[in-house]
Amino acid sequence: RPTPGPTPPDATHIVVDMTEFLRFPKVVEWLIRQGVDDPVDGNLTTAQQGALLKYLPAKLTIDIDPEAVAGSLGAVAGEGYVTFNIYQDWRVDDSSTDIASWTIVMTLTGELKQVAPARSVNAKGMTHWCGMKNFNEDQLLLVSSSNFSASGHAFKWDWRNDVYTRIGGDTQLFGCHDIQWSSVMGEDAFWTPEAEYGCSYNNNVTLWDAATGEARRTIGTGYAACKPDTNHAQLLENDTHALLSFRAISAFAMYRVGRF
């Protein structure tokens with residue numbers, strides 16, 4: 001585990017320097033595998049600093065609205081963590097490839113709790129995460145976008161220990177734009193949009209068996225292929241309603257879902 005970093009100041013404008021990323025051993029190990037010599041050297045040459053910037057941001061700048069964070073919960077809301085993925089794509093010969101992809105867990109004061117390379121499977125270069133939601137306090141649900149296809153593989157990620165567990169079988173691909181565990185008691189299954197490979201969109205939302213990847217049921221959007229591009233799918237009220245966001249047609253829709 002990395003050594004504890006300095007406590008960031010209580011401020012609404014936060015700057016997280018690249019050096020904070022380098023506190024995490026898996027970041028350093030990954031950079032060395034990419035050919036970056038001694039990334040934690042405090043006396044890097046200009047060329048070495050440039051090599052780091054190929055894979056890491058120079059800094060993160062974050063603006064926090066304390067009142068918006070507090071909302072109806074009050075100050076306690078500011079004690080939680082946020083998680084997100086940043087990635088660098090590299091354009092070569094008229095095609096783009098993700099060359100670096102970092103999964104980050106951070107406090108709302110800018111302290112990095114985890115930074116780790118994304119898990120890449122069957123991809124050219126790295127993949128990035130699009131779908132990302134809590135499974136519980138220790139694990140996140142993730143879906144990758146491989147080769148900019150808007151489809152990929154699903155995982156549970158133990159963020160404290162940086163351990164990935166593949167879910168949904170070994171062969172199934174899922175729409176990448178969202179993922180949510182079923183809230184129905186006893187269901188070992190998760191929801192994602194379905195991938196549309198001809199246009200790199202997502203459409204209907206399907207419940208998948210977590211062990212096998214078998215489709216259990218599908219919420220049809222009612223739209224033709226490659227039309228709405230479902231970018232968010234929030235199952236509500238014990239999976240009896242679904243709130244969907246359609247990027248390509250700038251719309252939201254609520255669907256009633258029949259009982260199991």
(request) Check Pro228 against Thr221 and note the closest heavy-atom contact, atom names and distance. (result) CG-OG1, 4.3 Å
Pairs of donor and acceptor atoms involving the side chains of residues 64-72, under 3.5 Å and at least two apart or interchain, shall be tabulated with distances.
unit_1: Asp65; atom_1: OD1; unit_2: Glu67; atom_2: N; d: 3.2
unit_1: Asp65; atom_1: OD1; unit_2: Ala68; atom_2: N; d: 3.3

(request) Decide yes or no on disulfide bond (SG atoms under 2.5 Å apart) for Cys176 and Cys130, but give the supporting numbers first. (result) CA-CA 6 Å; Cys176 73; Cys130 287; 3.5 Å; no
(message) Membership question, hydrophobic clusters at under 4.5 Å side-chain separation (ILVMFWY): are Val257 and Phe190 in the same one?
(response) no
(message) Side chains of Asn238 and Thr240: any donor to acceptor distance under 3.5 Å?
(response) no
(message) Closer than 3.5 angstrom, by distance alone: can the side chain of Gln88 be matched with the main-chain N or O of Ile99 as a donor-acceptor pair?
(response) no
(message) Once salt bridge (Lys or Arg N to Asp or Glu O under 4.0 Å) is applied, do any residues pair with Lys59, and if so which ones, sequence neighbours excluded?
(response) none
(message) Between Asn202 and Thr230, is there a side-chain donor-acceptor contact under 3.5 Å, judged purely by atom types and distance?
(response) no
(request) Indicate if Phe21 and Phe84 have the same hydrophobic cluster label, given that clusters are the connected sets of ILVMFWY residues with side-chain heavy-atom separations under 4.5 angstrom. (result) yes
(request) First locate atom CG of Asp158, then atom CG of Asn136, and finally report the distance between them rounded to the nearest 0.5 Å. (result) 9.0 Å
(request) Would you check if the distance from the ring center of Trp208 to the ring center of Phe174 is below 6.0 Å? (result) yes
(request) Output all residues satisfying side chain to side chain contact (heavy atoms under 4.5 Å, CB included) with Leu53, sequence neighbours left out; order by chain, then residue number. (result) Met18, Ala58
(message) Looking at every non-hydrogen atom in both residues, tell me the closest pair between Lys26 and Asn161 and how far apart they are.
(response) NZ-O, 4.2 Å
(message) Quiz question: by atom type and distance under 3.5 Å, do the side chains of Asn203 and Glu194 form a donor-acceptor pair?
(response) no
(request) Provide the closest heavy-atom pair for Asp239 versus Ser183 in the form atom of the first, atom of the second, distance. (result) OD1-OG, 3.1 Å
(message) If hydrophobic clusters are built by linking Ile, Leu, Val, Met, Phe, Trp and Tyr wherever their side-chain heavy atoms come under 4.5 Å apart, do Phe24 and Val82 end up in the same one?
(response) yes
(message) To check you understand the geometry: which heavy-atom pair defines the closest contact between Ser151 and Ser149, and what is its length?
(response) OG-OG, 2.8 Å
(message) Quick check: Phe148 with His128 (ring centres under 6.0 Å apart)?
(response) yes
(message) For residues Leu31 and Leu112: do they belong to one hydrophobic cluster (side chain heavy atoms under 4.5 Å, members Ile, Leu, Val, Met, Phe, Trp, Tyr)?
(response) yes
(request) Flag the pair Phe155 / Thr165 as yes when at least one side-chain heavy-atom distance between them is below 4.5 Å, and no otherwise. (result) no
(request) Using distance alone, with no hydrogens and no angle criterion, decide if Asn204 and Thr218 have a side-chain donor and acceptor under 3.5 Å apart. (result) no
(request) Kindly state whether the ring of Tyr87 and the ring of Trp129 have centres lying under 6.0 angstrom apart. (result) no
(request) Please name all residues satisfying side-chain hydrogen bond (donor to acceptor under 3.5 Å, both in side chains) with Asn85, sequence neighbours left out, ordered by chain then number. (result) Ser101
(request) Please say which of Phe246, Tyr201, Tyr255 ends up in a ring pair (Phe, Tyr, Trp, His ring centres under 6.0 Å) with Tyr223. (result) Phe246
(request) Hey, could you give me each pair passing ring-ring contact (aromatic ring centres under 6.0 Å, His included) that has a residue in residues 39-73? Not counting sequence neighbours. (result) Trp30-Tyr55
(message) Is there a continuous path of hydrophobic side-chain contacts, each under 4.5 Å between heavy atoms, that joins Leu141 to Tyr164?
(response) no
(message) If I compare all heavy atoms of Val36 with all of Ala51, which pair ends up nearest, and what's the gap?
(response) CG2-O, 4.4 Å
(message) Check the orientation of Phe135 and Trp181. Use parallel for under 30°, tilted for 30 to 60°, and perpendicular for over 60°.
(response) perpendicular
(message) Distance alone, cut at 3.5 Å: any donor-acceptor contact between the side chains of Thr103 and Trp157?
(response) no
(request) Decide, yes or no, whether a salt bridge links Arg23 with Glu20 under the criterion of side-chain N to carboxylate O below 4.0 Å. (result) yes
(message) Please list all pairs meeting salt bridge (charged side-chain N to carboxylate O under 4.0 Å, His left out) that have one or both residues in residues 130-139, counting only residues at least two apart or in different chains.
(response) Lys133-Asp178, Asp138-Arg160
(request) Write down the atom of Ile249, the atom of Lys227, and the distance for their closest heavy-atom approach. (result) CG2-O, 3.9 Å
(message) Closer than 4.0 angstrom, basic N to acidic O: yes or no for Glu214 and Arg216?
(response) no
